[in-house]
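Quick caveat, the model's predicted, so the values are computed rather than measured. Just so it is clear: chains get the letters A, B, ... in the order the sequence lines come, proteins before strands, and each one is counted from 1.
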2 protein chains.
Amino acid sequence: MAMPLASETSHTVRKTLEFVQHHRLAKGDRLPSERELSERFGVARSSVREALAVLDAMRITERKPKSGIFLRNAVEDGGLDALVLQADLGLAFDPQVTRDVTEARIICEGRALQLACQRRSDADLAKLHGLLDSYAALIEAGGNPADADVDFHLAMVAASQNRILVRTLTPLMLMSRRWRQRYFQSAEICRRSLDDHRAFVAAIEARDEAAVATLVRRHVQTAAADVRALAEQGGAPPTETA
Amino acid sequence: MAMPLASETSHTVRKTLEFVQHHRLAKGDRLPSERELSERFGVARSSVREALAVLDAMRITERKPKSGIFLRNAVEDGGLDALVLQADLGLAFDPQVTRDVTEARIICEGRALQLACQRRSDADLAKLHGLLDSYAALIEAGGNPADADVDFHLAMVAASQNRILVRTLTPLMLMSRRWRQRYFQSAEICRRSLDDHRAFVAAIEARDEAAVATLVRRHVQTAAADVRALAEQGGAPPTETA
DNA sequence: CCTACCAATCTGGTCAGACCAGATCAAGCA
DNA sequence: TGCTTGATCTGGTCTGACCAGATTGGTAGG
């Protein structure tokens with residue numbers, strides 16, 4: 001799951017965002033016309049329009065009829081989906097954003113898991129145990145658990161019985177998915193992650209809200225720190241221009 | 001602000017969502033083909049494709065090449081933007097959703113405003129005072145403060161210096177915007193809202209985290225209760241089929 | 001009667017070109 | 001200089017076409 005983009009439309013969305021970033025366009029700036037973009041990107045105008053419809057829906061661009069296409073927000077000020085898109089596309093990120101994401105995750109997930117302690121059903125617990133097992137198996141097999149990690153965290157949040165919290169946390173999880181894909185290449189880190197997950201399930205099973213709150217803070221902050229360390233030693237962010 | 005939809009594309013998005021709702025389509029169900037939808041809606045296939053691109057980006061639909069269009073999620077399980085869309089379109093809502101939104105808002109906004117107490121700058125404070133004044137003036141003039149209310153709350157959250165929290169709360173606020181538009185027709189409620197806003201600013205100014213937390217809980221819960229009461233006395237939800 | 005295979009059909013993906021009407025802007029007139 | 005006006009540009013929408021893979025129904029073979 002979690003790969004929203006498909007073929008030419010996504011290709012054009014990517015190209016457009018890269019164009020914006022490359023040309024340092026700011027809020028209110030005007031983009032080239034649809035016709036020029038289609039020529040520049042080597043796709044039909046209809047494809048450009050589909051991409052722009054998506055960017056419009058994300059409040060990144062604004063198409064003023066008979067006038068032009070304008071940047072409504074810097075990409076980083078658009079909706080959360082825009083940030084997920086940016087992450088999926090491997091575009092550069094403002095470091096402040098990653099710090100803010102970490103903080104927001106701790107707030108939302110922390111409280112969500114406390115609610116999960118209160119409200120979890122036996123079915124929720126069974127599902128978590130199942131996910132835990134497949135998570136362990138995946139790591140054992142040497143796979144990259146980035147996606148499974150997202151699923152696991154969202155399943156825990158779902159035990160709060162609040163679907164809106166799940167939707168709220170989804171983009172926050174997906175945004176960090178790419179970063180963690182590198183991060184999880186370390187077997188040591190995978191093992192530690194698995195241990196944390198076990199602790200999470202145990203705490204939710206015991207309805208131990210205090211333990212869960214502490215776990216969330218430690219788990220998310222540690223992960224963020226590790227990713228940051230990786231980024232620094234790995235040099236510049238992955239702006240991989242296609 | 002906060003009116004994302006424009007012309008034919010939005011029209012088709014709306015029609016499509018209405019189709020899904022009317023036909024009680026569930027996750028995994030298949031929609032009619034693009035060609036059939038275009039005929040049914042009386043628009044060109046290209047317009048249908050733009051609308052589908054948007055719905056795809058919102059993870060509501062999934063277009064499987066050469067196969068068909070499938071419902072990835074019930075509308076209510078899509079991204080938060082999808083819910084905002086649904087609210088803007090005036091489509092019916094599951095009551096559980098409104099309860100979940102309230103809870104999520106209390107969690108996120110409560111913590112965000114505590115952070116705002118710690119981190120607010122003088123500029124933040126000045127901006128809040130400014131918004132407060134125009135809010136008061138708007139109510140005095142008999143205008144509907146629904147949009148101004150959204151702006152005010154987001155400005156408070158922005159004082160937390162965490163842009164991701166702002167982005168997270170934005171859809172939660174926008175979603176309830178419609179409900180509150182009716183709610184704010186009562187002068188009494190407007191006055192109470194203004195008093196609350198004053199209290200918010202005072203608490204943030206005094207960096208009183210405890211007061212802010214209490215205020216958020218009371219403010220949001222009261223508003224939700226009032227809206228619920230309105231909905232019950234007002235009869236069925238506004239499913240206004242165009 | 002059931003299975004296996006194949007061709008007509010359907011589907012999304014993409015492209016090309018056309019028309020409209022309002023916005024824009026520069027040239028030309030007053 | 002200032003204002004009008006018309007050529008040009010822009011997004012919005014439609015029509016129609018081709019491609020290649022997915023689907024499916026019917027037929028031939030077991």
Side-chain angles (χ1 to χ4, degrees), chain A residues 1 3-17 19-20 23 25 27-73 85 88-89 242, chain B residues 3-17 19-20 23 25 27-73 85 89 242:
Chain A
M1 59 151 286
M3 194 60 230
L5 310 175
S7 58
E8 203 67 37
T9 300
S10 75
H11 178 250
T12 306
V13 167
R14 178 198 191 103
K15 287 279 190 178
T16 306
L17 287 181
F19 179 93
V20 167
H23 289 260
L25 295 189
K27 184 174 180 173
D29 285 350
R30 181 179 169 167
L31 275 73
S33 72
E34 298 180 349
R35 291 170 176 84
E36 186 179 336
L37 286 177
S38 85
E39 191 175 349
R40 187 189 292 263
F41 297 155
V43 299
R45 196 181 152 209
S46 55
S47 297
V48 171
R49 282 190 60 79
E50 274 189 45
L52 288 177
V54 171
L55 292 175
D56 255 33
M58 290 182 174
R59 298 163 192 271
I60 293 178
T61 61
E62 181 176 8
R63 291 181 284 180
K64 295 189 180 170
K66 287 121 195 173
S67 176
I69 308 160
F70 299 86
L71 210 58
R72 182 195 292 256
N73 289 301
L85 189 64
D88 276 344
L89 260 37
Chain B
M3 195 60 227
L5 309 175
S7 63
E8 204 67 37
T9 300
S10 75
H11 178 251
T12 307
V13 167
R14 179 199 189 103
K15 286 280 190 179
T16 306
L17 288 182
F19 179 92
V20 166
H23 288 261
L25 296 189
K27 184 175 180 173
D29 285 350
R30 180 176 172 171
L31 275 73
S33 71
E34 297 181 349
R35 290 168 176 86
E36 186 179 336
L37 287 177
S38 85
E39 191 175 350
R40 187 188 293 262
F41 298 154
V43 297
R45 194 182 153 209
S46 54
S47 297
V48 170
R49 283 190 60 78
E50 275 190 45
L52 289 177
V54 171
L55 292 175
D56 254 34
M58 290 183 175
R59 299 163 191 272
I60 293 178
T61 61
E62 181 176 8
R63 290 182 283 180
K64 296 191 178 169
K66 286 122 197 174
S67 176
I69 306 159
F70 300 85
L71 211 59
R72 183 197 290 258
N73 290 300
L85 189 65
L89 260 38

Nucleic acid contacts - residues 35-44 of chain A versus DNA chain C, non-hydrogen atoms under 4.0 Å: Arg35(A), Gly42(A), Val43(A), Ala44(A)
Side-chain donor or acceptor of Arg45(A) under 3.5 Å from a matching atom on the base of dG12(D)? yes
I'd like to check the ring pair (Phe, Tyr, Trp, His ring centres under 6.0 Å) partners of Phe19(B); sequence neighbours left out, ordered by chain and number. His23(B)
Give one of base, sugar-phosphate or nothing for Leu52(A), where a contact means two heavy atoms less than 4.0 Å apart. nothing
Regarding Ser33(A), tell me which of base, sugar-phosphate or nothing describes its non-hydrogen contacts under 4.0 Å with the strands shown. sugar-phosphate
Sequence-distant partners of Glu34(A), side chain to side chain donor-acceptor pair (under 3.5 Å), two or more places apart: Arg45(A), Arg49(A)
Does Thr61(B) have any side chain to side chain donor-acceptor pair (under 3.5 Å) partners at least two apart in sequence or in another chain, and if so, which? Asp56(B)
Quick one: is [X] getting a side-chain N or O under 4.0 Å of the [N] phosphate, OP1 or OP2?
| X | N | result |
| --- | --- | --- |
| Arg49(A) | dG12(D) | yes |
| Arg63(B) | dT11(C) | no |
| Ser47(A) | dC15(C) | yes |

Side-chain heavy atoms of Val20(A) within contact of Ile60(A), under 4.5 Å: no
Expressed as a whole number of angstroms, how long is the span from Asp56(B):CG to dG13(C):C1'? 12 Å
Which residues satisfy the salt bridge (charged side-chain N to carboxylate O under 4.0 Å, His left out) test with Arg35(A), sequence neighbours excluded? none
What residues form a salt bridge (charged side-chain N to carboxylate O under 4.0 Å, His left out) with Glu36(A), not counting sequence neighbours? Arg40(A)
For nucleotides 22-24 of chain C, print each protein N/O atom paired with a nucleotide N/O atom at under 3.5 Å, atom names and distance only.
from, atom 1, to, atom 2, distance (Å)
dA23(C), O4', Lys66(A), O, 3.3

Residue list, side chain to side chain contact (heavy atoms under 4.5 Å, CB included) with Lys64(A), at least two apart or on another chain: Glu62(A), Ser67(A), Phe70(A)
Taking only residues two or more places apart in sequence or in another chain, which ones pass side chain to side chain contact (heavy atoms under 4.5 Å, CB included) with Ser46(A)? Ala44(A)
